[in-house]
Amino acid sequence: MPPGTLLTGKWNGRIYKLERLLGTGSNGHVYLASYGRSACAVKLGKDVSDLQAEANILASLDHREKGAKRRPFLLDVDDAVVDGAQIPFYAMQYVPGVTVRAYLRKHGPEWAGIIGYRLLRRLSELHDAGWIFSDLKNDNLLVSDYGQVALVDYGGMTANGRGIRQFTEIYDRGYWSAGSRTAEPSYDWFSAAVLWIHVLDEKRLLHLTRTLLPQNRDPGELLALVKTNSTLKPLSGWFEKALRGKFASTQEAAECWREAVHGASRAKSQPSSRIPAWMAGVFAVSLLLCVSLMAIWLFG
Ligand SMILES: Nc1ncnc2c1ncn2[C@@H]1O[C@H](COP(=O)(O)OP(=O)(O)OP(=O)(O)O)[C@@H](O)[C@H]1O
């Protein structure tokens, strides 16, 4: 729909002005819109039941996270009549930001540390509320100018213990023979690990998915990528646990990430304080030579 289109809710009577298209997914189009003087995001769906299911999930999440100090995400649910056709839509909070890959390209890969930690903290909140995000991927993780992270597209979110309904193949642990498609925290840890490989080593990951026979897909293949990537290698302990579902909780996954990132940055910032063994050896030999020459000169 062209910018400037006015969307009038049939039942609630709110009028939204569509400003620009934010993204298109399998379930519909998402627009940045203005409602009075405030901005919001409006999702216009193709399928009324899909859209209703998404709105229900958002409403339920708002309800379960009522105690948390945040504004409700779902703002309105309605139908609009455009060119004589009835179109279902819902309005939600607008999340300003760019995808995590775009953010790291602009600000540098060192931001992966803090973004990764914030992502795991957000997942931990969802898991504590009984939800598994499930469709975690680059497109669904938006980062604001100041490095704040927000998840969008809650359409795949699934109650803990149920079957995953919406996923993206390379992020799915079932695809990598690494576990079931049951919604549990470890499902999101796996996708979080793939997210970083996808964002920081995209070419090799896509090459792997194109060349690996399905029966050879294994988390070990992903770990091999991690261990041969200079940015990811220092965090390989975290990746091993995330890909194999070995954390006790998402909170532990977040703490383990934070410690691994700190360890990696400490090691990077002190390279000169550690004298390589060969240099120490050369120093010792020259010292010995110097002392022997002096001894010969003095007493010889
Ligand atoms: N609240 C929001 N604020 C800002 N941008 C958003 C918001 N919701 C969605 N978007 C943008 O619109 C894109 C598509 O939206 P969304 O993912 O909800 O559609 P979808 O049909 O469910 O997609 P998919 O096919 O990935 O499941 C997102 O990737 C994101 O870039």
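Atoms within a ligand are numbered from 1 in the order they appear, just like the ligands themselves. Numbers for residues simply follow the sequence, beginning at 1.
- With respect to atom 24 (P) of ligand 1, the closest heavy atom belonging to the protein is D153 OD2, 3.5 Å.
- H29 does not count as a contact of ligand 1, since none of its heavy atoms falls under 4.0 Å from the ligand.
- One finds a salt bridge joining R244 and E240 here, because a Lys/Arg side-chain nitrogen approaches an Asp/Glu carboxylate oxygen to under 4.0 Å.
- Here the shortest heavy-atom distance to atom 14 (C) of ligand 1, taken over C40, G23, G155, belongs to G23.
- Formation of a donor-acceptor pair under 3.5 Å by the R118 side chain with backbone atoms of V149 is not found in this model.
- Remark: side-chain polar atoms of D78 are paired, donor with acceptor, to backbone N or O of N12 under 3.5 angstrom.
- For F73 and Y154, the distance between ring centers is under 6.0 angstrom.
- Residue-ligand proximity: G28 is placed with a non-hydrogen atom under 4.0 Å from ligand 1.
- Panel note: side chain D188, backbone S134; a donor-acceptor pair is recorded below 3.5 Å.
- Between T24 and ligand 1, not a single N/O pair is under 3.5 Å apart.
- Atom 23 (O) of ligand 1 has as its closest protein heavy atom G25 CA, 3.2 Å.
- Looking only at protein heavy atoms, the nearest one to atom 30 (C) of ligand 1 is V152 CG2, 3.9 Å.
- Between the CZ atom in F190 and the CG atom in D172 there is a gap of 7.5 Å [rounded to 0.5 Å].
- Remark: minimum distance from atom 5 (N) of ligand 1 to any protein heavy atom is reached at L22 CD1, 3.6 Å.
- Between D135 and ligand 1, a contact under 3.5 Å exists for no N or O pair.
- Side-chain N or O atoms of R173 include none that pairs as donor or acceptor with a backbone N or O of L243 at under 3.5 Å.
- The proximity of S26 to ligand 1, defined as any non-hydrogen pair under 4.0 Å, involves the side chain as well as the backbone.
- Between Y16 and Y35, the ring planes lie tilted relative to each other; the angle falls in the 30° to 60° range.
- Short contacts between ligand 1 and K137, defined as distances under 4.0 Å to a heavy atom of the residue, involve ligand atoms 26 (O).
- Nearest protein neighbour of atom 21 (O) of ligand 1, counting heavy atoms only, is N27 N, 2.6 Å.
- At least one N or O atom of V95, backbone or side chain, sits closer than 3.5 Å to an N or O atom of ligand 1.
- Ligand 1 has no nitrogen or oxygen under 3.5 angstrom from a nitrogen or oxygen of Y94.
- Protein heavy atom in closest approach to atom 29 (O) of ligand 1: D139 O, 3.3 Å.
- By the criterion of a heavy-atom distance under 4.0 Å, the side chain of V30, and not its backbone, is placed next to ligand 1.
- With hydrophobic clusters built from ILVMFWY side chains whose heavy atoms lie under 4.5 angstrom apart, L18 does not share a cluster with L22.
- Panel note: side chain R165, backbone M157; a donor-acceptor pair is recorded below 3.5 Å.
- Protein heavy atom closest to atom 22 (O) of ligand 1, with residue, atom name and distance, is K43 NZ, 2.9 Å.
- The distance from atom OH of Y171 to atom CD1 of I197, rounded to the nearest 0.5 Å, is 10.0 Å.
- The atoms of ligand 1 that sit less than 4.0 Å from any heavy atom of M92 are 1 (N), 8 (N).
- Of all protein heavy atoms, the one closest to atom 1 (N) of ligand 1 is Q93 O, 2.9 Å.
- Ring geometry, F247 versus W238: the interplanar angle falls from 30° to 60°, so the pair is classed tilted.
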